[in-house]
Q: 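One structure is given below, represented as structure tokens, and several questions about it will come after.
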Amino acid sequence: MTSGEITSVGTAGAAPEHVAGRGAWFKKLPVVHQVRQSVGLQRGMLIAGLVLTTVFVLVAVFAPLLAPYGWSQLRSGDGVAFGAQQPPSAEHWFGTTVGGYDVLSRVVWGAQTSLLVVIVAVAASIVVGVLLGLVSGYFGGWLDRVLVVIADAIYAFPSLLLAILLAIVISGGQSSMWGGILAAALSITVVFVPQYFRVVRAEVVRIKAEAFVDSARVLGTGHWRIMTRHVLRNSTRTLPLIVTLNASEAILTLAGLGFLGFGIEPTAAAEWGYDLQRSLADVTSGIWWTALFPGLAIVLAAMGMTLMGESLNDLADPRLRSRARSGQVAGAVAATSVEADASDPENPASAEHSEENPKGGDA
Amino acid sequence: MRFLLIIPTVFILVTTVFVLMRATGDPITAALGGKLPPDQLAELIHAAGYDRPIVVQYWEYLTGIFSGDFGTTISDNRPVTEVLTTYGTATLELASYAILVALVLGVPFGMVSGYFRDRLPDAVLRILAILAYATPVFFAGLILKLVFSVWLGWFPVAGRVSTDGEIAMQLAGADSGFMLIDAFKTGDPAVVLDVLSHAALPAIALGLLTAGVFLRLVRTNMIGTLGTGYVDAARSRGVKESRLVRKHAWRPALIPIITVAGMQVAMLLVGAVLTETTFEWRGLGFQLSEYLQARDFVAVQGIVVLMAVVVAVTNFLVDVLAALIDPRVRY
């Protein structure tokens, strides 16, 4: 989860996209391609991550259908109060909280809040980070130097503390559902922008020197067109990886904000971190259900994204990519052969592999 | 040249905090607005100098920081510097224990994981490492507390020391703020045990999170060095596998490990804030969340600036250290 590792992703031998072979279009989709490329444990981790993430997204999208009650509902349909801190029962599978809410409902609705925050945070940081990185790397000069120093300084800032400061600025700490979601998401965005900026800028600086960019310039192509069509489209390879790692970090940061009391009001939306803060006192008196279920929800959601990010990271780094063992063939053959390639000559990755230095990036 | 960057970095951090904290208005209105009549509020704002031009305030803030003056808290009227020194030691103590736990767990298991790459031990350890850092540290803390303090009763629920221990320390005149040292000063093994049992769960909660990161880091770099020519050469000379891992592969892997481990200080501090809140460990993080709830933004500003500067300086020192250890790293 450090930029040191993210930026070290194998930069060797990145052929421009149009050079790669033409398979079925879906084989070239970011994640599909990696699933096909992976073997053994890495494939298992990637698929486990995909499954967990899919479940998380489905729960979030279908929360209105899945949740038995509303997130701030205190009484059942016939007007009977749920009661506070009730242990799990047939009516309340996960029990009720100290405030008298249904834990299961808040866990399900919490997925929706989390997903919204992740989407807004990641989308906003990609747009801002990529744009700044592109302009900074392409034009260089003093603007580039200033942006790099600022990005490094913000990157060194402890993320949750920065998010707290921004939450104070944006919402004064307390807010409605959308206000809270936007505040949390934008706080996280500022933390993430430097990561996208650094990665995209590094790629842009490298690609800018390639012959095809020179050719385009000689042909009289404008700066904007070169930046978008020639440079940008070839600098986005590592983004899916950062997106997945950031998504899990966003979930954890949102929960951390909520835990410190800077999340979303319980009546405005359900938020797992807030629920955990409220369960602090419950735990001391042995009430486990108010802490366990929201906590598990965070762990599973964050773990799904982390598993995906980790395996994407390994697959992008030739030193860490697992190879299919073919009876432990010794020496150079084992080091360079990748079974996925042999079984699929059209695999676009094969063009990259042949050029890769076995020692890979510079972690 | 690279080393000089620490100056603009610290400057940017300090300025960012100031701008953000003032974007919402002055701290006195934030803390007391609505609780006092407007004329009293205006009087307080004037007394504290928050009605002067922002540039003047900014200059005073900058010069104050460089002379070690972070202002006075609004909620309990203490110099922020005193808050920082009083509670800073507690956070330092917790962070030290956590790093110890992380090193003891992360490094050996990372070596095992890297050596048995893609085989069963690696699979199990990697899943555990991912679990360790996908778990929010406060949730890990809550579960540890529930199981080991509430259900099993092995450890105290919260705090840093029991009342008896605290009295013993006061009698012995031990006030370094570092509980374990103070406990040793009392010369009473019961007090030492008391302090250690209070520290166990917070240290494990925060340490597990860091151990997950260390494990991954050691594994990645061990895989890199285990695949190099000199390891093959040593193996062909008949060097034992255990020695191969501990000497030939581990030593060169150490430099990137130190560099990235140093960058985890930010994560460790954020983790400490959350761990302290969970276990009522009265350190900077615990105070930070207290002051956040009291909306005392002068205190918040002081604590955040200190943490940000600690992180920046640590990263800087790690860079210097890496350059000293490895002749190939030159800026």
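The analysis underlying the following values was restricted to heavy atoms, covering all of them including side chains, and did not include hydrogens, waters or symmetry mates. In what follows, chains are A, B, ... by sequence order, proteins preceding strands, each numbered from 1.
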Q: Is the closest side-chain heavy-atom distance between Gln277(A) and Thr277(B) below 4.5 Å?
A: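 Gln277(A) does not reach Thr277(B) side chain to side chain.
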
Q: Tell me, side chain or backbone of Met45(A) under 4.5 Å from chain B's heavy atoms, or both, or neither?
A: side chain

Q: Are more than 12 heavy atoms from other residues, nucleotides or ligands located less than 6.0 Å from atom CH2 of Trp154(B)?
A: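 No - once you tally the heavy atoms of other residues, nucleotides and ligands closer than 6.0 Å, there are 12 at most.
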
Q: What's the shortest heavy-atom distance between Gly256(A) and Leu274(B), and which atoms?
A: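 What the structure gives for the nearest pair is O-CD2, 4.1 Å.
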
Q: Do you know which of Ile127(B), Ile12(B), Thr9(B), Val137(B) has the most heavy-atom pairs under 4.5 Å to chain A?
A: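 Option with the greatest count: Ile12(B).
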
Q: Can you tell me which portion of Val310(B) sits under 4.5 Å from chain A's heavy atoms? Options are side chain, backbone, both or neither.
A: neither

Q: If you count heavy-atom pairs within less than 4.5 Å of chain A, which of Val309(B), Thr278(B), Val273(B) leads?
A: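 So the answer, after comparing Val309(B), Thr278(B), Val273(B), is Thr278(B).
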
Q: Picking from Arg126(B), Lys145(B), Arg219(B), which has the most non-hydrogen pairs under 4.5 angstrom with chain A?
A: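 So the answer, after comparing Arg126(B), Lys145(B), Arg219(B), is Arg126(B).
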
Q: Drop me the distance from Glu280(B)'s CD to Thr284(A)'s OG1, to the nearest 0.5 angstrom.
A: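 Glu280(B) atom CD to Thr284(A) atom OG1 measures 7.5 Å (nearest 0.5 Å).
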
Q: Out of Ile298(A), Leu252(A), Leu296(A), Val299(A), which residue meets the side-chain contact (heavy atoms from CB on, under 4.5 Å) rule with Thr135(B)?
A: Val299(A)

Q: Find the one option among Ala123(B), Ser149(B), Ala140(B) whose heavy-atom pairs under 4.5 Å with chain A are most numerous.
A: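 Of the options given, most contacts go to Ala123(B).
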
Q: Just verifying a value: how many Å separate Leu292(A) CG and Phe139(B) CZ, rounded to the nearest 0.5 Å?
A: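 Between Leu292(A) CG and Phe139(B) CZ, I get 5.0 Å after rounding to 0.5 Å.
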
Q: Indicate yes or no: at least one non-hydrogen side-chain atom of Leu280(A) is less than 4.5 angstrom from one of Phe138(B).
A: no

Q: Kindly compute the distance separating OH (Tyr133(B)) from CD (Glu249(A)), expressed to the nearest 0.5 Å.
A: 11.0 Å

Q: Find the distance between CG (Leu165(A)) and CD (Gln301(B)) and round it off to the nearest 0.5 Å.
A: 9.0 Å

Q: Find the one option among Val10(B), Leu292(B), Asn315(B) whose heavy-atom pairs under 4.5 Å with chain A are most numerous.
A: Leu292(B)

Q: Sort by residue number and list every member of residues 157-164 of chain A having a non-hydrogen atom under 4.5 Å from chain B.
A: Phe157(A), Pro158(A), Ser159(A), Leu160(A), Leu161(A), Leu162(A), Ile164(A)

Q: Which region of Ile143(B), side chain (C-beta onward) or backbone (N, CA, C, O), has a non-hydrogen atom less than 4.5 Å from a non-hydrogen atom of chain A, or is it both or neither?
A: side chain

Q: Which one of Val311(B), Ile130(B), Asp232(B), Leu269(B) has the most heavy-atom pairs closer than 4.5 Å to chain A?
A: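 Result: the option with the highest number of such pairs is Ile130(B).
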
Q: Is the CZ atom of Arg145(A) crowded by more than 12 outside heavy atoms at less than 6.0 Å?
A: no

Q: Hey, which of Ala302(A), Gly44(A), Ala301(A) has the most heavy atom pairs under 4.5 Å with chain B?
A: Ala302(A)

Q: Calculate, to the nearest 0.5 Å, the distance between atoms CD1 and CG belonging to Ile150(A) and Leu13(B) respectively.
A: 11.0 Å

